[in-house]
2 protein chains.
Amino acid sequence: MYLMAEPAAQTVALAESLKSLGLTKYEALVYIALLQASEATATEIHELSGVPRASVYPVLERLSQKQLVSVSNTSPRRFNPERPDDAIESLLSSVEHDAARAKTTLNRIYSQSGRRARGDQELIWSIHGGDHIRLRLLEMLQAADESVRIIFYWDHLKGELIERLLSLKKEVKIDIITDGWSGPVQGQINVLVKAPPMEIQREPVTNWQAGCVFIVDKKKAMVVMGSKDEGFTALYSESVGFVRFFTMYWNFFLNWG
Amino acid sequence: MYLMAEPAAQTVALAESLKSLGLTKYEALVYIALLQASEATATEIHELSGVPRASVYPVLERLSQKQLVSVSNTSPRRFNPERPDDAIESLLSSVEHDAARAKTTLNRIYSQSGRRARGDQELIWSIHGGDHIRLRLLEMLQAADESVRIIFYWDHLKGELIERLLSLKKEVKIDIITDGWSGPVQGQINVLVKAPPMEIQREPVTNWQAGCVFIVDKKKAMVVMGSKDEGFTALYSESVGFVRFFTMYWNFFLNWG
DNA sequence: CACTTGTTGTTATTATGATAACAACATTTA
DNA sequence: TAAATGTTGTTATCATAATAACAACAAGTG
């Protein structure tokens with residue numbers, strides 16, 4: 001019976017996780033099997049994991065190199081798994097080690113490169129993914145010097161946003177149009193609570209999650225759009241036209257209704 | 001010029017590190033190139049990275065999904081890298097997330113499995129790799145109840161070993177034969193400083209790094225061998241014969257010279 | 001037009017997965 | 001004991017999927 005036995009759904013997901021720690025499918029399956037039957041022989045592992053018997057040997061050899069199993073000196077050989085905590089720890093720390101090395105090298109490349117500092121100016125950038133957007137947004141707000149104008153309809157980020165705004169320098173004038181505010185309103189912050197206009201609500205977008213505009217120092221603007229279907233997209237630009245457009249948009253919102 | 005430009009040696013090592021964070025070779029090369037020339041077009045990236053121009057587009061698409069680059073809405077499109085710190089952070093945290101998931105699942109499997117508790121007894125286990133050995137060794141010592149006998153010639157681990165020994169329960173009698181001791185000698189610890197015998201020094205092993213014997217409670221024994229060429233290997237066993245053999249070995253050492 | 005960009009499809013190349021074959025040895029059975 | 005049977009560990013071979021490399025072309029741009 002050489003057919004690959006179909007592993008449990010749990011096992012498949014688990015194998016996926018282990019893959020990103022640098023294991024192959026077989027290495028993952030063999031290690032999992034070994035946890036269920038410590039001190040197993042190659043044949044037992046083969047039967048339990050569904051991995052072909054001939055493949056079990058090289059896989060165990062690799063796992064041994066990676067310090068996830070130890071080997072008995074009996075005949076037949078028996079194999080013993082490193083405890084999961086230690087195993088994961090060992091794999092992860094090797095990845096973290098690589099990450100640290102990569103980080104320093106990349107940073108050196110990044111700082112050495114004589115890339116133009118103000119090239120952003122006339123370009124409009126698309127940014128995908130919630131985290132990516134969040135990062136860039138907080139970064140942009142942090143750099144605010146004079147003024148921040150915000151139209152904000154995005155429940156998910158609200159807490160973090162408020163926190164960040166409150167931490168800005170006192171000189172920065174902040175104007176916010178949003179649907180609800182749950183924090184202190186300090187001197188320089190001006191909140192206008194307003195439901196989103198019907199025109200937007202009537203849009204044929206099935207699952208609206210976010211619709212935001214951020215204008216910083218009248219020089220940079222970022223707009224965020226999000227729906228459950230398409231995920232989050234943001235546009236960022238320092239282009240004069242772009243900023244002017246969304247300043248108008250902001251004014252329209254301010255005076256509407 | 002479609003030939004892959006030979007990347008700097010540094011770049012190759014870097015790409016390797018990035019691979020273990022889940023990037024492919026091309027993704028790594030493209031990202032590195034982008035750091036050197038932010039806001040590059042696809043063609044510029046192709047020239048800088050050596051990645052075929054046609055391949056650059058799908059690669060950038062994937063990088064965009066992974067939130068490592070943003071895209072301009074110009075024609076031609078331009079691309080901007082996420083800053084290295086944030087990029088690595090993002091990749092690493094995704095791996096760490098997987099690691100955490102895997103750890104809990106594996107632990108459940110491990111604890112659920114009704115593996116025999118006393119199977120270790122008559123087997124001799126091979127353990128490869130310095131870290132792996134270190135882990136198992138400290139674990140074994142920690143579990144000491146009555147006595148620990150050690151023959152220790154291994155500079156690298158000396159500090160950690162001493163520390164661990166000092167933390168043991170006071171009832172545990174500790175006898176050590178080694179070539180140097182740099183800690184307090186408390187009541188239950190008995191240190192005998194002794195150079196390794198000529199018989200061992202004359203062995204035709206080019207680069208001897210470690211030669212150790214650990215006997216715990218007269219029931220478990222672990223021996224460590226290490227040379228620069230072959231790396232570290234250890235044997236562990238609770239087998240009576242094994243323990244008896246190395247107890248004899250220990251006695252031989254004790255009375256020699 | 002000449003040139004570049006962006007896209008598509010096809011062909012290597014590699015890593016991994018899957019199967020088969022075999023020698024060495026141990027166990028069983030006549 | 002000799003033959004048959006089964007197991008282990010090793011090696012070679014093949015299949016498949018992921019990635020890399022290239023060629024060709026349509027659309028856009030100056």
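All chains are named by letter (A, B, ...) in the order of the sequence lines, taking the proteins before the strands, and each is independently numbered beginning at 1.
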Do NZ/NE/NH1/NH2 and the carboxylate oxygens of B/E82 and A/R136 come within less than 4.0 Å?
yes
- Query: Can you check whether B/W154 and B/F232 have ring centres sitting under 6.0 Å from each other?
  - Reply: yes
ask   = Are the side chain of A/S49 and the backbone of A/V30 linked by a donor-acceptor contact shorter than 3.5 Å?
value = no
B/N73 atom CG is separated from C/dG6 atom C1', nearest whole Å, by 15 Å
To the nearest angstrom, the CD-C1' distance between A/E61 and D/dT11 comes to 15 Å
Atom NZ of A/K19 and atom P of D/dT19 are separated, to the nearest Å, by 10 Å
In whole angstroms, the gap separating P of C/dT7 from NE2 of B/H46 amounts to 16 Å
Residue set satisfying side chain to side chain donor-acceptor pair (under 3.5 Å) with A/T24, at least two apart, ordered chain then number -> none
Do the side-chain N or O atoms of A/T24 get closer than 4.0 angstrom to the phosphate oxygens (OP1, OP2) of C/dG17?
-> yes
When rounded to whole Å, the CZ to P distance for the pair B/R53 and C/dG6 reads 8 Å
Picking from D/dT8, C/dT5, D/dA20, the nucleotide nearest the side-chain atoms of B/Y57 would be C/dT5
Rounded to whole Å, CD of A/E16 lies from C1' of D/dA18 at a distance of 13 Å
In whole angstroms, the gap separating P of C/dT4 from CD of B/E47 amounts to 10 Å
request  = Assign A/S55 to base, sugar-phosphate, or nothing according to its heavy-atom contacts below 4.0 angstrom with the strands shown.
outcome  = base
From the candidates D/dA23, D/dG9, C/dA18, the one with an atom nearest any side-chain atom of A/P76 is D/dG9
Would the base of C/dG6 count as contacting B/R77 through its side chain, where contact means a donor and an acceptor less than 3.5 Å apart?
no
Closest to the 5' end of DNA chain C, once B/T41 and A/E27 are matched to their nearest nucleotides, is B/T41
Practice problem: Please work out if A/S75 contacts a base, only the sugar-phosphate, or nothing of the nucleic acid, heavy-atom cut-off 4.0 Å. | Solution: nothing
B/L29 CG to D/dA20 P, in whole Å, measures 8 Å
Show me the side-chain donor-acceptor pairs of residues 54-69 of chain B shorter than 3.5 Å, one per line, residues at least two apart or across chains.
| residue | atom | partner | partner atom | Å |
| --- | --- | --- | --- | --- |
| B/E61 | OE2 | B/Q65 | NE2 | 2.6 |
| B/R62 | NH1 | B/E27 | OE2 | 3.0 |
| B/K66 | NZ | B/G22 | O | 3.3 |
| B/K66 | NZ | B/E27 | OE1 | 2.9 |
| B/K66 | NZ | B/E27 | OE2 | 3.4 |
| B/Q67 | OE1 | A/H132 | N | 2.9 |

Which of C/dG17, C/dT7, C/dG6 is nearest the side chain of A/K25? It is C/dG17
Among the nucleotides D/dG9, D/dA23, C/dG17, whichever has the atom closest to the side chain of B/A54 is D/dA23
